[in-house]
Amino acid sequence: MRWSFYFWYTSKDDPADAEAPSHKYLLKGGFIKQVASGIYAFTPPGYRVIRKIENIIRKEMERSGAQEVLLTVLNPAELWKETGRWELYGRELFTLKDRHGREYCLGPTHEEEITDLVRSFVNSYRQLPFILYQIQVKFRDEKRPRFGLIRGREFIMKDAYSFDTDEFSAMMSYETMRFAYERIFKKLRLNTLMVEASVGAIGGISSHEFVILTDYGEAKVAYCLSCGYSANAEIVKLPLGKQQEEEEKSLQKVYTPNAETIEELSQFLKVPKSKILKAVLYIAQGEPVMVMIKGDREVDENKLAQVIGTENFRLATDEEVYRLFGTQKGFIGPFNVPPSVKVLWDNSTFGIKNAVIAFNEPDYHYINANPERDFSYGDFFDLAQVTEGDPCPKCASPLKVSKGLELGHIFLLGTRYSVPMKAYYKDQQGEDKPLFMGCYGIGISRCMSAIVEQYHDEFGIKWPTVVAPFELDIICLNPSDQEQKSTAEKLYMMAQELGLDVIYDDREASAGFKFADADLCGFPYRIIVGKKVKEGKVELHNRHTGEKTDVPVESAIQVVKELIDKDKV
RNA sequence: CGGGGUGUAGCUCAGGUGGCAGAGCGCUGGCUUUGGGAGCCAGAAGUCGCAGGUUCAAGUCCUGCCACCCCGACCA
C-alpha cells in the first residue's frame with residue numbers, strides 16, 4: 001500500500017475526549033472514528049486490525065470443530081418473547097417496528113435465534129453434538145458507553161453456541177471452547193487471566209471469564225499468587241471473622257454529634273474503621289434490609305442480590321431511615337429494630353471486640369460494645385466486597401485484587417433456552433429431551449482496545465506483528481532524491497512479492513512527520529531509506545525493542561521477512 | 001439512572017465586568033526545505049450545540065432542551 005493513496009489520516013493533537021490509552025491512540029492514529037456515543041466506524045487500517053483478529057479467532061474456532069454461521073441483526077420480537085427476554089432484557093435492547101407495526105430488536109446476543117435455527121433442523125441425538133459460531137455486530141443500549149471500543153453500544157463479537165444431549169457431553173464442549181479460548185488469547189498476544197465467574201440470574205452451571213488486568217476495565221478480579229486461584233471478585237467467598245482476643249472493656253455512651261460517616265466517626269473517636277460496626281439500610285422490593293458490616297468494608301451488592309434473591313433493591317433514602325429508626329444515617333444500629341426490618345450480619349462482624357456501634361440514638365454512639373454482652377448477632381452471610389489481602393478461598397494466602405477487562409466469557413447454559421423454545425431431540429429411547437446448551441463470547445472490537453492497552457508507549461501503539469495493520473513500514477525520507485526514491489520503490493516491490501503486509505510511506509512530508517506517524521501507528525518493523533543509500537544501506541527499526549540496525553539494501557526485505565515469520569509462530 | 005464537566009473554524013483551544021469572531025495545527029496557492037510532527041509569503045474557512053428570554057446590543061446573562069466526556073451501579 002502506498003500511503004500517499006491510502007485513506008489513513010492521523011492527528012497531531014491528542015483527542016479531547018479520550019482518557020484510556022487505547023481510546024486515545026486509536027482515535028489519534030486514525031483507526032476509528034466516533035459516530036455517536038459508544039458507536040464507532042473503522043477506517044481502512046482499523047478494519048485491517050479487526051480482520052486480523054477475526055481471522056485468528058476463526059482459525060482456532062474451526063480447529064476446535066466449530067462451524068461458522070451468520071445470523072441476523074434484525075430479530076423478530078416473537079423469538080424473544082418465547083424466552084421472556086423481550087421484557088427481561090429491559091432497556092438495553094434496541095427495539096424497532098417495521099412498516100406493518102411488527103416488532104424487532106437489534107440482536108444484543110443470539111441465544112434465541114440460534115436455538116430457533118437449531119430446533120428447525122435437529123430431531124435426533126444422532127445429529128449431536130455440535131458447536132456453531134458467528135462473527136457479527138451486536139447492539140446493546142448500554143447505560144454508560146465508555147473508553148472508545150472498550151464498551152460500545154454497537155460492537156463486533158464472536159459468539160458461539162454448543163448443543164449437546166446432556167450435561168456431561170456439554171461439559172466436553174465447554175472444555176473444548178475453554179482450550180480454544182486459551183489458544184486464541186495467546187495467539188492475540190493478550191495476557192489474559194481465566195477467572196471463575198458468577199453464573200448469575202440465568203441459572204447456568206459453570207462460567208469463566210477471560211480478563212486482562214487494566215485500570216480501564218470494570219470487572220474486579222481477585223487472584224492468588226501462591227495457588228493460582230482467580231475469580232471475579234463478586235463470587236469470592238469470605239469466611240467468618242476471627243475471634244479477637246482482647247480484654248472486654250466496659251460499654252460507654254459517647255456524644256458524637258454530626259458523625260454521620262464512618263470516616264468522621266473514626267477520626268472523631270480516634271478509632272480504626274475496622275473497630276466500627278456499620279449499618280447499611282437497603283430497600284429490597286419495598287422491604288427494609290439492614291446489613292451489619294465492619295466499618296472498613298463495603299457491601300458487595302452482587303452478593304447481597306444472591307442472599308436476598310432479588311436484584312431489585314436500592315439504598316434507603318434519608319427519609320426512609322428516619323421514618324424507620326427515628327434518627328439519621330450513621331446512628332442506626334441493631335437495637336430495638338422495627339420488626340419489619342430484616343437484619344443481615346456480614347461474616348466480617350463475627351468475633352469483634354470492643355467495637356463502636358450505634359443504637360438508634362441521635363448524636364450518640366457506644367464504644368467498647370461486645371457481642372453477647374451488649375448486643376446479639378443474628379444470622380451471618382457473606383456480603384462484603386473482597387479487598388486486597390483477604391484470604392484465598394482455596395489456600396488462605398492473601399489475595400491480590402485488580403480491575404479487569406472482560407474479553408471473553410464462556411458459559412454452560414443448560415436448558416434455559418431449549419426448554420421454553422421447545423428445542424428437543426429424540427434420544428435412543430425415542431423420548432423427547434431438551435438440548436443442553438453452552439454459549440461462548442469474545443468481544444472482538446474490545447480485544448482491539450485491549451491489545452493497545454497492553455502494547456503502547458508514550459509515542460503510540462506497538463502492535464504485535466500478528467494483528468498489525470501493516471507488518472512493515474518503508475519510509476522514504478526524501479522522495480525528491482531520486483536514489484532514495486528508487487531504492488524505496490524497489491524495496492516496496494520486493495516486500496509485496498514476498499507477501500509481506502507492507503505500507504510504503506511515500507508522502508511528501510518531513511522526516512519527523514513520518515517517524516511520528518510510524519510510532520503512533522505502531523508498525524512492528526520500519527525500514528528507513530535515507531542518506532545511507534549511497535553506501536548501499538538502509539536502517540531497520542524495531543518498534544517493540546527500539547533497536548536500530550543498518551542493513552544492506554539487497555538483504556533488507558529478507559531480514560524483515562524472517563523476523564516477521566518468527567513473530568507469527 | 002444518580003453525580004461532575006464540556007460544547008466557539010476540519011482538529012486542539014482562547015475569548016474578565018455584555019459592545020466588529022480569534023490563535024495554533026490542518027487545508028489551498030507559491031517559493032525554499034527533507035534523519036524526529038519544517039520555514040517564509042498569500043489565501044479560504046464559523047448557524048459560537050439547539051430553542052426561547054432579558055437587552056439598544058448576547059459567544060458572554062437567564063430558562064429549557066440536546067449532544068459528548070468523566071465518576072458510581074450492570075455487560076463482551
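Labels below follow one simple rule: chain letters A, B, ... track the order of the sequence lines, proteins then strands, and each chain is numbered from 1.
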Original post:
Can you list the steps and then say if A:T549 with A:E547 is a side-chain hydrogen bond (donor to acceptor under 3.5 Å, both in side chains)?
Top reply: CA-CA 7 Å; A:T549 45; A:E547 201 182 340; 5.6 Å; no
Original post:
Between B:G30 and B:C71, how far is it from one P atom to the other, in whole Å?
Top reply: 48 Å
Subject >> salt bridge (charged side-chain N to carboxylate O under 4.0 Å, His left out) between A:R146 and A:E218, intermediate numbers included >> reply: CA-CA 10 Å; A:R146 264 214 274 202; A:E218 43 278 302; 3.7 Å; yes
Original post:
Within the structure shown, what part of the strands sits under 4.0 Å from A:S480 by heavy-atom distance: base, sugar-phosphate, or nothing?
Top reply: base
Original post:
Can you tell me the Watson-Crick or wobble partner of B:G36, both distances under 3.5 angstrom?
Top reply: none
Original post:
Are the aromatic ring centres of A:W3 and A:F470 under 6.0 angstrom apart?
Top reply: no
Original post:
Between the side chain of A:T261 and the main-chain N/O of A:E264, is any donor-acceptor distance below 3.5 Å?
Top reply: yes
**OP:** Under 4.0 Å between any heavy atoms, over every strand shown, what does A:F210 touch: base, sugar-phosphate, or nothing? Just pick one.
**Re:** nothing
**OP:** Can you tell me, in whole Å, how much space there is between the C1' of B:A14 and that of B:G46?
**Re:** 16 Å
**OP:** Have a look at A:D159 and say if it touches a base, only the backbone sugar-phosphate, or nothing, with a 4.0 Å heavy-atom cut-off.
**Re:** nothing
Subject >> C1'-based separation of B:C13 from B:G7 [nearest Å] >> reply: 12 Å
**OP:** Determine the Euclidean distance between corresponding C1' atoms of B:G15 and B:G53; express it in Å to zero decimal places.
**Re:** 24 Å
Original post:
When all nucleic acid strands are considered with a 4.0 Å heavy-atom cut-off, which category describes A:S11: base, sugar-phosphate, or nothing?
Top reply: base
Return a table of donor-acceptor pairs under 3.5 angstrom between the side chains of residues 447-454 of chain A and protein atoms on other chains or two or more places apart.
unit_1, atom_1, unit_2, atom_2, d
A:E453, OE2, A:S22, N, 2.9
A:E453, OE2, A:S22, OG, 2.6
A:Q454, OE1, A:N191, N, 2.9

Original post:
Base, sugar-phosphate, or nothing: which does A:R151 touch, judged by heavy atoms less than 4.0 Å apart?
Top reply: base
Original post:
Looking only at atom P, what distance separates B:A42 and B:G37, rounded to whole Å?
Top reply: 25 Å
Original post:
NA contact type, A:E539, heavy-atom cut-off 4.0 Å: base, sugar-phosphate, or nothing?
Top reply: base
Original post:
How would you give the extent of chain A contacts on RNA chain B, as first and last nucleotide 5' to 3' within a 4.0 Å heavy-atom cut-off?
Top reply: B:C1 to B:A76
**OP:** Could you tell me which non-hydrogen atom of A:E234 sits nearest to which non-hydrogen atom of A:D300, and how far apart they are?
**Re:** CA-OD2, 3.5 Å
Original post:
What is the nucleic acid contact for A:G408, judged by heavy atoms within less than 4.0 Å: base, sugar-phosphate only, or nothing?
Top reply: sugar-phosphate
Subject >> Sugar-phosphate only, base, or nothing, as touched by A:A18 at under 4.0 Å among non-hydrogen atoms >> reply: nothing
Original post:
Distance between the C1' atoms of B:A9 and B:C27, in whole angstroms?
Top reply: 11 Å
Subject >> Short side-chain donor-acceptor distance under 3.5 Å, A:R85 and A:Y417 >> reply: yes
**OP:** Return the nucleotide paired to B:G2: Watson-Crick means purine N1 to pyrimidine N3 with N6-O4 or O6-N4, wobble means G-U with N1-O2 and O6-N3, both under 3.5 Å.
**Re:** B:C71
Original post:
Given A:M194, which of A:Y181, A:F210, A:F185 fulfils the side-chain contact (heavy atoms from CB on, under 4.5 Å) condition?
Top reply: A:F210
Original post:
NA contact type, A:D14, heavy-atom cut-off 4.0 Å: base, sugar-phosphate, or nothing?
Top reply: sugar-phosphate
Original post:
B:G72 and B:G36: how far apart are their P atoms, nearest whole angstrom?
Top reply: 42 Å
**OP:** Let me know, please, whether A:E19 or A:G512 comes out on the 5' side of the other along RNA chain B by nearest nucleotide.
**Re:** A:G512
**OP:** Searching all strands shown, indicate the nucleotide that pairs with B:U28 (Watson-Crick or G-U wobble; both distances under 3.5 Å).
**Re:** B:A42
**OP:** Classify the nucleic acid contact of A:E142 as base, sugar-phosphate or nothing, counting any heavy atom under 4.0 Å across all strands shown.
**Re:** base
Subject >> Along RNA chain B (nearest heavy atom to each residue), the more 5'-positioned of A:P145 and A:G530 >> reply: A:G530
**OP:** Would you please indicate if the ring centroids of A:F7 and A:F5 are separated by under 6.0 Å?
**Re:** no
Original post:
C1' atom, B:C50 versus B:C68: distance in rounded Å?
Top reply: 15 Å
Original post:
With a 4.0 Å cut-off on heavy atoms, is A:L477 in touch with a base, just the backbone sugar-phosphate, or nothing at all?
Top reply: base
